[in-house]
Q: 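Take a look at the following structure, please.
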Protein chains: 2
Amino acid sequence: MNIYDVSERARVSIATVSRVINGNPNVSEKTKQKVLAVMEELGYTPNVFARGLGLNSMNTIGIMCADSSDPFLANAVYFIERELRKNGYDSFLCCTGYALKNKQNYLSLLLSKRVDAIILVGSGFLEFNKKDNAYIIKAAGEVPVMLINGYLNNPNIYCTLCDDYQATFTAAALLLEQGIQNILYLYTSKSYSGTQKMNGYKAAVMEKLQSVNEDLIQCCPGNIEAARDLLLRLSEGGLKFKAVIAVEDILGVGAIKYAKVKKLAIPKDLSIIGYNNSLLAQCCEPELTSVDNHVETLSISTVSTLMRVLDCQKVPNKTTISNDLNIRNTTNF
Amino acid sequence: MNIYDVSERARVSIATVSRVINGNPNVSEKTKQKVLAVMEELGYTPNVFARGLGLNSMNTIGIMCADSSDPFLANAVYFIERELRKNGYDSFLCCTGYALKNKQNYLSLLLSKRVDAIILVGSGFLEFNKKDNAYIIKAAGEVPVMLINGYLNNPNIYCTLCDDYQATFTAAALLLEQGIQNILYLYTSKSYSGTQKMNGYKAAVMEKLQSVNEDLIQCCPGNIEAARDLLLRLSEGGLKFKAVIAVEDILGVGAIKYAKVKKLAIPKDLSIIGYNNSLLAQCCEPELTSVDNHVETLSISTVSTLMRVLDCQKVPNKTTISNDLNIRNTTNF
DNA sequence: AAAATAATTGTAAACGCTTACATGAGTTAA
DNA sequence: TTAACTCATGTAAGCGTTTACAATTATTTT
């Protein structure tokens with residue numbers, strides 16, 4: 001079953017059928033209806049490969065996401081797919097994990113499948129070592145690349161960011177206003193958005209206290225036990241802190257577990273602020289105050305930018321979306 | 001850059017280059033090395049569309065998953081992709097959501113992209129109304145379909161199941177042995193595996209008590225508040241229950257929240273068993289006893305079955321993997 | 001009514017690969 | 001030495017589209 005079968009049955013040439021398929025306006029309404037009817041009748045679908053050969057495009061956007069079980073990323077992917085569909089594009093999703101090698105492999109895979117553009121969801125795609133981002137820059141030489149929550153200065157890479165600096169600045173400032181001075185800052189990795197977050201925290205502390213205690217800035221693997229145990233160790237080691245700002249909700253949950261072990265009252269003895277406003281923030285007890293970074297807005301903005309890029313319009317390479325705090329029971333705001 | 005450029009530079013015909021690309025053994029070692037070297041040198045990658053036109057295959061498996069933020073599904077997808085890669089197949093993932101319309105659309109999308117097979121991850125793909133599964137059966141007419149945690153009787157559909165019946169049977173039996181007779185059973189939908197689970201529960205209760213109280217079987221949307229509020233309503237309404245078996249961890253968390261509101265001690269006043277042994281089970285307080293359904297084994301088995309199907313071997317249409325209970329602090333086992 | 005123009009349709013050449021079949025070069029057997 | 005065979009390579013015909021260009025038909029203008 002191919003375009004010839006349709007053209008024969010509809011008594012037109014294959015060119016006309018092709019025009020109908022591609023919505024070319026130079027077809028009379030009558031002919032168009034006839035062809036559509038025949039296509040319907042025969043249950044014809046154009047062959048993607050042949051189509052791709054002709055158009056050199058799949059009409060498909062590749063989406064890469066390090067970890068789809070991360071609720072923030074999963075949400076972003078969901079909204080992005082929805083928006084792409086609205087715009088008539090298909091999408092293929094790859095969950096890459098965080099290993100550089102895998103990210104590189106998946107990116108080549110998508111390129112080799114000739115996607116029309118690539119969306120990298122999450123700062124997990126930017127390595128701290130800048131050389132390791134070469135694979136992204138290279139890809140940007142072939143198709144437009146959208147980067148969510150990361151920034152690379154390249155004319156063919158378009159970045160959509162939440163205002164992480166502002167988020168942690170505000171979070172820290174609110175705590176400082178309550179007279180809480182020793183705020184422990186928990187981060188997982190030195191990604192782009194990670195750095196922004198840390199700078200926001202530092203700036204707020206600096207503004208209020210004129211100095212930052214580096215001991216209060218701690219790196220921690222992204223799971224509950226690691227966070228809990230780190231806090232226990234730090235506390236045993238004599239470090240004093242009355243609040244925790246965590247760059248991911250899961251670390252916030254770890255802080256809650258720590259408070260439980262140490263029988264600290266939340267938020268009286270320990271205030272905790274998480275990040276991403278994920279499901280976890282509602283699961284834990286007490287429920288976690290968390291930064292809401294407006295995933296939906298972020299996703300919509302990314303796709304709309306991409307559409308304009310694919311349409312060869314001039315578009316800024318950087319868009320920032322502001323976010324705010326979802327106040328729950330681990331803080332006394 | 002195409003196969004002609006390579007053939008020219010390597011001073012061989014395009015047929016020979018093609019043979020090298022496809023690992024055809026009828027090429028002398030010397031020629032093969034020369035061609036490979038040129039391909040490397042030019043950075044040549046075969047065009048998927050042209051390749052697809054010739055081979056009528058993408059070398060790609062389509063994976064569909066209703067909700068990748070469901071940790072069970074996300075895990076399964078991760079392992080499946082890993083296994084496929086091991087076997088030299090690429091994969092494309094679609095997160096469909098639970099709406100039938102979307103599931104149908106994504107399935108057509110994958111078929112139209114000419115994937116070599118389709119893996120449906122999770123019982124979310126089987127509708128209670130059997131007519132609504134026609135789209136899956138139809139797809140199975142075109143490519144092999146793998147179904148995880150669901151069962152459809154069709155020669156071209158291969159099902160890998162966890163033994164949900166056994167899991168809830170065991171869970172209920174353990175509670176009954178402790179003398180807990182009124183076990184509330186919380187489910188979300190009447191999927192295939194949902195039915196299995198319920199039957200396991202009923203069988204265990206029937207065996208011990210010779211009758212099942214249908215009031216103790218309750219349907220509930222899959223979120224924390226809904227579960228909490230349902231239990232509150234039931235309790236206000238006079239229903240007595242000393243244990244909850246939930247078909248998803250998130251409902252188990254809802255039960256914990258309920259206990260908190262009613263100031264019930266866990267597990268003394270209320271035992272709770274979740275399902276899937278997900279991250280949520282470790283987040284909550286107390287941590288949730290949960291059924292571990294061996295996602296990795298399930299995934300490996302699915303892919304290995306698929307490989308044999310694609311290799312035209314005769315394979316059974318149904319494989320069952322047994323599971324067991326991860327005991328934490330919401331039960332007194 | 002003829003000429004000019006616009007709208008519609010058709011023809012045929014790509015697109016880059018795979019592969020059946022043909023060819024040619026070595027090897028072996030008679 | 002030549003016939004029969006094997007192994008390596010090449011030729012050319014598809015695969016199912018898109019689209020520039022040519023051809024035809026319909027419409028408007030004069």
Q: Which residue, V145(A), L126(A), I63(A), I148(A), forms the side chain to side chain contact (heavy atoms under 4.5 Å, CB included) with L120(A)?
A: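 By the side chain to side chain contact (heavy atoms under 4.5 Å, CB included) criterion, L120(A) pairs with just one of V145(A), L126(A), I63(A), I148(A): V145(A).
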Q: Whole-Å distance between dG16(D) C1' and M39(A) CE?
A: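 Interatomic distance, CE of M39(A) to C1' of dG16(D): 14 Å.
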Q: Distance only, no hydrogens: is a donor on one side chain within 3.5 Å (strictly under) of an acceptor on the other, for T160(A) and K318(A)?
A: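 Their side chains do not contain a donor-acceptor pair, so the 3.5 Å distance test is not met.
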Q: For the side chain of I21(A), starting at C-beta, report the closest nucleotide among dT18(D), dA20(D), dT8(C).
A: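 It is dT18(D).
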Q: Evaluate the side-chain proximity of T16(A) to S13(A): yes if any heavy-atom separation is below 4.5 Å, no if none is.
A: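 Counting from C-beta outward, S13(A) and T16(A) do come under 4.5 Å.
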Q: Using the closest heavy atom to pick a nucleotide of DNA chain C for each, name whichever of E29(A) or A15(A) lands nearer the 5' end.
A: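 Residue closer to the 5' terminus by nearest nucleotide: E29(A).
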Q: Could you tell me whether K190(B) and E127(B) have a side-chain N and a carboxylate O separated by less than 4.0 Å?
A: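 The answer is no: the pair does not qualify as a salt bridge.
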Q: Can you check whether T31(A) has a side-chain N or O nearer than 4.0 Å to OP1 or OP2 of dT8(C)?
A: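 T31(A) to dT8(C) OP1/OP2: no side-chain N or O under 4.0 Å.
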Q: On the 0 to 90° scale, with breaks at 30° and 60°, tag the F92(B)-F92(A) ring pair as parallel, tilted or perpendicular.
A: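 Correct class here is parallel.
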Q: Give one of base, sugar-phosphate or nothing for V12(A), where a contact means two heavy atoms less than 4.0 Å apart.
A: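 If one applies the 4.0 Å heavy-atom cut-off, V12(A) turns out to touch the sugar-phosphate alone, with no base involved.
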Q: Would you classify N56(A) as touching base, sugar-phosphate or nothing, given that sugar-phosphate means primed atoms plus P, OP1 and OP2, and contacts are heavy atoms under 4.0 Å?
A: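 No contact at all - N56(A) keeps every heavy atom at 4.0 Å or more from the nucleic acid.
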Q: Just the rounded figure in Å: distance from C1' of dT17(D) to CG of N22(A).
A: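 Going from CG in N22(A) over to C1' in dT17(D) covers 9 Å.
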Q: Rounded to whole Å, please give me the gap between NZ in K30(B) and P in dC7(D).
A: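 Whole-Å distance recorded here is 18 Å.
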Q: When you check the side-chain N and O atoms of S301(B) and S304(B), is any donor under 3.5 Å from an acceptor?
A: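 No, no side-chain donor-acceptor contact under 3.5 Å.
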Q: In whole Å, what is the span from the CZ atom of R11(B) to the C1' atom of dA8(D)?
A: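 Computing the R11(B):CZ to dA8(D):C1' distance gives 18 Å.
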Q: Starting at atom CG of N26(B), determine the distance to atom C1' of dT19(C), rounded to an integer number of angstrom.
A: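 Taking atom C1' of dT19(C) as the reference, CG of N26(B) is at 12 Å.
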Q: Quick check on dG10(C): is either OP1 or OP2 less than 4.0 Å from any side-chain nitrogen or oxygen of T16(A)?
A: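 Checking T16(A) against dG10(C): at least one side-chain N or O falls below 4.0 Å of OP1 or OP2.
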Q: Using modelled atom types only, decide if a donor and an acceptor are shared between the side chain of N149(A) and the backbone of C162(A) within a distance under 3.5 Å.
A: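 A pair under 3.5 Å: yes.
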Q: Under 4.0 Å between any heavy atoms, over every strand shown, what does S18(A) touch: base, sugar-phosphate, or nothing? Just pick one.
A: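 Base contact.
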Q: Take atom CZ of R114(B) and atom C1' of dC15(D), then tell me their distance rounded to the nearest Å.
A: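 Taking CZ of R114(B) and C1' of dC15(D), I get 11 Å after rounding.
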Q: In terms of heavy-atom contacts, does CZ of R85(B) have more than 12 from other residues, nucleotides or ligands at under 6.0 Å?
A: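 Check passes, neighbour count above 12.
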Q: Please give, in whole Å, the distance from dT8(C) P to Q33(A) CD?
A: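 Those two atoms, CD and P, are 14 Å apart.
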Q: From NZ of K34(B) over to P of dA8(D), roughly how many Å is that when rounded to an integer?
A: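 My rounded result for the distance is 14 Å.
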Q: Collect all protein-nucleotide pairs involving nucleotides 14-16 of chain C in which both atoms are nitrogen or oxygen and the distance is under 3.5 Å.
A:
none

Q: With DNA chain D as reference, determine whether V17(A) or V27(B) sits nearer its 5' end, using the nearest nucleotide of each.
A: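 This one resolves to V27(B).
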Q: Can you tell me which nucleotide in dT11(D), dG10(C), dT18(D) comes closest to the side chain of L55(A)?
A: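 Between dT11(D), dG10(C), dT18(D), the one nearest the side chain of L55(A) would be dT18(D).
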Q: Would you indicate what N24(A) reaches in the nucleic acid, counting non-hydrogen atoms under 4.0 angstrom: base, sugar-phosphate, or nothing?
A: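 Nothing: the residue N24(A), judged by heavy atoms under 4.0 Å, touches no strand.
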Q: Between S28(A) and dA7(C), is there a contact of a side-chain N or O with OP1 or OP2 at under 4.0 Å?
A: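 No, S28(A) has no side-chain N/O under 4.0 Å of OP1/OP2 on dA7(C).
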Q: Closest to the I14(A) side chain: dT18(D), dT9(D), dA12(D)?
A: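 From the listed options, dT18(D) comes nearest.
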